[in-house]
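Everything below concerns the one structure shown next.
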Amino acid sequence: MTLTDEDCLAETQAFNKQCETAAASRPAREATPDAALLATLRRNRLGGDTPPVRLPQGQDRVIEGGVKVRVFVPDHVEGVYLHFHGGGWVFGAADGQDERLWQLAEQARLAVVSVDYRLAPEHPYPAGPDDCEAAARWLVRHAATEFGTQRLLTGGESAGAHLSVVTLLRLRDRHGITGAFRAAHLLFGPYDLSMTPSQRSFGSRRLLSNTDTLRRTYELFTPGTGPEQRRDPEISPLFADLAGLPPARIVVGTEDPLLDDSLFLAGRWQAAGAPVHLGVVAGAMHGFTLFPLTITERELRRQREFLSTTGR
């Protein structure tokens with residue numbers, strides 16, 4: 001484990017306090033948002049109040065199985081990054097981070113394929129994972145002809161990190177595909193939907209995510225299930241056999257209720273035989289990369305370096 005960015009701790013903690021203060025002035029969100037609120041929250045950028053910028057470099061496509069993806073292809077392609085956005089399986093979209101994905105594509109020389117998977121509560125589990133699995137299989141079959149390379153990488157943020165691991169396990173267990181994806185980049189993901197100790201003990205601090213919001217999200221994603229049922233390895237990959245998975249970089253902040261998820265997953269990933277780098281960002285809350293912080297700039301740089309060099 002590497003504890004990073006301690007020199008930025010004062011800035012990071014000040015921002016956390018600012019977020020808590022702002023959140024205290026807003027009414028608590030309903031357990032199940034009504035249709036109008038849900039539409040507004042989905043239209044706006046995660047962590048913001050305005051719609052995201054759509055760049056002309058992004059191409060919307062529908063691939064096999066009717067799955068929607070958004071594709072960015074730079075002039076020089078040395079790999080393909082299969083990206084799954086965050087948003088608790090309820091919010092977010094493939095076109096919600098065009099500027100960041102295009103920057104990654106250009107600087108890491110990667111074609112980026114971001115999956116617009118179906119969202120709960122309209123489309124609960126397993127709809128989202130099914131879409132992600134279909135997109136991964138499409139890439140395994142067609143990356144060489146579509147993008148001129150078979151060097152495949154995957155990753156995502158929060159729920160997207162969860163979907164990345166679930167997708168790798170589905171490829172292995174349902175289709176016998178291992179080794180096709182050469183690296184995984186996993187940012188502050190939930191890997192135990194029955195709730196790890198850090199999730200249960202975090203409490204009501206309003207730092208983008210807390211114990212109550214996580215629990216409500218799991219109920220929307222997997223309706224009608226309890227904690228025991230959510231320990232199913234197909235839902236909570238922390239309980240899965242992780243053999244045959246690629247090298248990974250796993251990142252989480254010390255003030256994230258999902259801290260234990262990353263710590264535990266990294267230990268199990270390494271025990272299963274794959275290289276893993278665990279980065280723990282001092283003072284960082286869940287979803288910290290959404291915000292204009294020094295730790296965000298540094299983390300995005302580290303991500304680009306990992307994805308541009310791993311799996312060659």
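Numbers here are sequence positions counted from 1.
- With sequence neighbours excluded, the residues that form a side chain to side chain donor-acceptor pair (under 3.5 Å) with Glu122 are Arg42.
- In this structure Arg54 satisfies the salt bridge (charged side-chain N to carboxylate O under 4.0 Å, His left out) test together with Asp60, Asp95, sequence neighbours excluded.
- Under the salt bridge (charged side-chain N to carboxylate O under 4.0 Å, His left out) criterion, Arg174 pairs with Glu133, Glu234, sequence neighbours left out.
- Partners of His123 according to the side chain to side chain donor-acceptor pair (under 3.5 Å) rule, which considers only residues two or more places apart in sequence or in another chain, do not exist here.
- For the side-chain contact (heavy atoms from CB on, under 4.5 Å) test, residues two or more places apart in sequence or in another chain that qualify with Gln13 are Leu9.
- Residues satisfying the salt bridge (charged side-chain N to carboxylate O under 4.0 Å, His left out) test with Arg249, not counting sequence neighbours, are Glu299.
- For Asp241, the side chain to side chain donor-acceptor pair (under 3.5 Å) criterion is met by no residue, not counting sequence neighbours.
- Applying the salt bridge (Lys or Arg N to Asp or Glu O under 4.0 Å) rule to pairs touching residues 251-279 yields Arg205-Glu255, sequence neighbours excluded.
- In this structure, Asp116 does not pair ionically with Arg70, as no charged nitrogen and carboxylate oxygen lie closer than 4.0 Å.
- Shown here are the ring-ring contact (aromatic ring centres under 6.0 Å, His included) partners of Phe202, two or more places apart in sequence or in another chain: there are none.
- The pair Glu64-Arg137 does not count as a salt bridge, with every side-chain nitrogen at least 4.0 angstrom from each carboxylate oxygen.
- Ring geometry for Trp138 against Phe147 counts as perpendicular: the plane angle is over 60°, on a 0 to 90° scale with 30° as the lower cut.
- Every salt bridge (charged side-chain N to carboxylate O under 4.0 Å, His left out) that Glu78 has, sequence neighbours left out, goes to Arg109, Arg312.
- Thr4 is linked by a side-chain contact (heavy atoms from CB on, under 4.5 Å) to Thr2, Val281, Arg302, counting only residues two or more places apart in sequence or in another chain.
- Residues passing the side chain to side chain donor-acceptor pair (under 3.5 Å) test with Arg231, sequence neighbours excluded: Ser194, Glu228.
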